Each structure stands twice: as C-alpha cells, then as structure tokens.
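Values below: every heavy atom of this structure, side chains too, minus hydrogens, waters and symmetry copies. In this text the structure is predicted, and so the values were computed from the model without any measurement.
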Amino acid sequence: MKRGSHGLVYPFFAGKELIGTLVVAKSPRANRYSSSQPGVVFTAGQTNVVATFANFLAIQIANNIKQLLLPKQLPPLPGFELAAIFTTC
C-alpha cells in the first residue's frame, strides 16, 4: 500500500487459529468520499464482499490441508477390496 491509501484487513481463521489475512487497499486517487457518507472509505457492501471472500479462502485452504493429509492411495489389505472417495465442502 502506498502512503495515503486506505485499506481493509480481514483475518481468517481455522477454528480459533489465525491462518491468514486478506488485505484490500484503495489508492489515494480512489479515496473520494461520497457526499451522502462523508468519511466512509469502504461501504458496508464492499466490507461484506471482502468478508465473504476471506471466509471462502479460509474454507479452500482448510480443504487443501485436509486433502494433503489424506493418503494418495489406500494401503493393500489382503482379502479385502477397498474403495474411498473424498469430496470437499
């Protein structure tokens, strides 16, 4: 971010653990306040979009971690046929 920019930082968590942040910035040229909302840099709608996107990213990261923890193939078990499927949310 450049000096004079305004930013919005949204943390995302896996349970209670902070796993990252999403930062959205507006350049100084884009920081024109509307006459109906003086001093408001980000509207409530923009803030909600950032929050929704951060939550989506947290879910994707958690799903990727889960997939990395699963074995790529099932171990052989003599006398049994095994099958499995994993689908993320």
Legend entry - Non-neighbouring partners of Val49 that pass side chain to side chain contact (heavy atoms under 4.5 Å, CB included), sequence neighbours left out: none
Inset, instruction - To the nearest 0.5 Å, tell me how far Tyr10 OH sits from Thr52 OG1. - result: 8.0 Å
Legend entry - Heavy-atom closest contact (Lys72 atom, Gln67 atom, distance): NZ-O, 4.5 Å
Side-chain donor-acceptor pairs under 3.5 Å in residues 16-25, sequence neighbours left out?
none

Inset, instruction - Using side chain to side chain contact (heavy atoms under 4.5 Å, CB included) as the criterion, list what pairs up with Thr47, not counting sequence neighbours. - result: Leu8, Phe42
Legend entry - Partner residues of Leu77 under the side chain to side chain contact (heavy atoms under 4.5 Å, CB included) criterion, sequence neighbours left out: Phe80, Leu82
